[in-house]
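Since this is a predicted model, take the numbers as computed values, not measurements. Hydrogens, waters and symmetry mates play no part in the numbers below; they use all other heavy atoms, side chains included. As the structure lists them, so they are numbered: ligands from 1, and atoms in each ligand from 1.
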Amino acid sequence: MPESFSHQTWEERWHPLREEWVIVAAHRQSRPWIGETVRADEHDAPAYVSDCYLCPGNVRVSGGVNPRYSGVHVFDNDHPCVGHAAPTQLDAPLPPYKVRSADGVARVISYTPRHDLTLARMRVSDIAAIVDTWRRETRDLGARPEVKQVLIFENKGEVVGVSNPHPHGQIYATNFTWKTFDTELEAQRRYARDTGRALFADIVAAERQDGRRVLYEDEHAIVFVPYFARYAYEVYVAPKRRMSHVSSLSDVEAESLARALKDVTVRYDNLWKQSFPYVMPLHQAPTDDGNYDDFHFFIGFLPPLRRPETLKYLAGPEIGGGNFLSDTSPEEKAAELRAQPTVHYREAEAAGVKVRAGS
Ligand SMILES: [Zn+2]
């Protein structure tokens, strides 16, 4: 890649799924981060921690006891944001205000009994078991009449507020639909109506044709930094076949998705030789009786860091104006990720293998 390239991207890119502009002002950044790697305080976590609320056999704050589980373990969140226990007798506010009961289900998915692992360090077969759990939970919770949408996500890293490193995700099955997916659904419906084509399939086709931002591809799944990325190192992981929910993945597609998740999380960790933080939502359609044939399920990775220990601050443009200003070019960030080895650096170190970037 020409050295000058990263300094020249200065334009507005259309985000077709959000139907909004993203300002890419990569010329403002002095230069890509190339300094010494500062390894975050990464001591070896033990495989078991006696006061962790996710480790097997431990007593939780609610008094619940974790079984001595061996694979993935799902349980109701002890501090739910929505739940059947929420008050139903509510004070009616003055118009135009509205209120209703915070009904729904909140659960925690412990990925593994091992306190010291992350997706990047798990086996593909173990990640496939997590994908299988997503399928089952979406099917089961989505079938409940009070649940309009099943939001599944992982927050990873202290920088996004996670103090317990035990690998886990969360489920919010709510009595409302989430704004991000409403927006994406509407954009995909409008595109289909206007062009007779599928928006997400066209996004994938454009990424494949360009090729510079594609990190991984196999028969059933594709991983790329989208052209319209709002965050540095933002990545989409998607099945190629259109489906509105993760629950529609076939077994072979689920395994592909697991390989794709392993690939991107290993690249992330290898980037700065540290456990890479992110917010990772599953983008799914609602679970009521509506027609969601236009919606294409995918997984988004939204990393909060622009450089090691440098947060992307959301400020005037994002919080104030509601559009993103990106200081980095998606091509440059994709090139950095593409150059990473697909063997985790800690496994490589343990094996005594010298892994060069780009190998
Ligand atoms: Zn633990």
Side-chain angles (χ1 to χ4, degrees), residues 39-83 105-138 140-141 150-173 246 257-258 261-262 264-266 268-270 272-282 299 301-305 309 344-347 349-350:
R39 186 169 298 199
D41 220 8
E42 193 172 304
H43 36 247
D44 274 316
Y48 168 80
V49 172
S50 60
D51 62 353
C52 169
Y53 69 95
L54 294 163
C55 278
N58 288 357
V59 179
R60 300 201 307 275
V61 71
S62 63
V65 180
N66 296 332
R68 298 197 175 278
Y69 62 96
S70 56
V72 182
H73 174 55
V74 181
F75 60 93
D76 286 344
N77 196 319
D78 294 326
H79 305 283
C81 62
V82 289
V105 180
R107 289 182 171 164
V108 176
I109 309 172
S110 180
Y111 290 172
T112 162
R114 284 273 302 271
H115 188 86
D116 57 335
L117 294 183
T118 59
L119 281 185
R121 304 196 62 202
M122 293 174 72
R123 292 177 302 192
V124 168
S125 58
D126 294 330
I127 299 174
I130 298 168
V131 176
D132 197 43
T133 303
W134 294 341
R135 291 198 289 183
R136 193 179 56 246
E137 291 293 323
T138 297
D140 293 352
L141 293 172
V150 181
L151 170 61
I152 300 176
F153 62 95
E154 177 185 349
N155 298 330
K156 175 168 176 276
E158 287 182 30
V159 77
V160 295
V162 181
S163 52
N164 186 347
H166 195 119
H168 68 285
Q170 298 184 62
I171 305 172
Y172 290 177
V246 66
L257 202 73
L261 290 166
K262 170 86 179 176
V264 61
T265 52
V266 167
Y268 275 158
D269 280 13
N270 284 343
W272 299 323
K273 302 267 192 295
Q274 56 182 252
S275 191
F276 195 81
Y278 54 73
V279 173
M280 182 197 76
L282 273 62
I299 298 172
F301 280 86
L302 306 170
L305 297 182
E309 291 161 20
H344 196 276
Y345 69 93
R346 300 196 62 179
E347 284 161 31
E349 283 171 5

Quiz prompt | Under the side chain to side chain contact (heavy atoms under 4.5 Å, CB included) test, residues paired with N164 that sit two or more places apart | solution = C52, Y53, L54, H115, H166

Practice problem: Please test F276 against T265 for side chain to side chain contact (heavy atoms under 4.5 Å, CB included), starting from the C-alpha separation and ending with a verdict. | Solution: CA-CA 8 Å; F276 195 81; T265 52; over 6 Å; no

Quiz prompt | Counterpart residues, salt bridge (Lys or Arg N to Asp or Glu O under 4.0 Å), relative to R136 (two or more places apart) | solution = none

Quiz item: Can you name the nearest heavy-atom pair linking K156 to V162, along with the distance?
Solution: N-CG2, 4.1 Å

Exercise. With sequence neighbours left out, write down each residue that passes salt bridge (Lys or Arg N to Asp or Glu O under 4.0 Å) with E154, or none if nothing qualifies.
Key: none

Quiz item: Distance below 2.8 Å from the Zn ion (ligand 1): how many protein N/O/S atoms qualify?
Solution: 4

Practice problem: State whether a side-chain donor-acceptor pair under 3.5 Å links N77 with Y172. | Solution: no

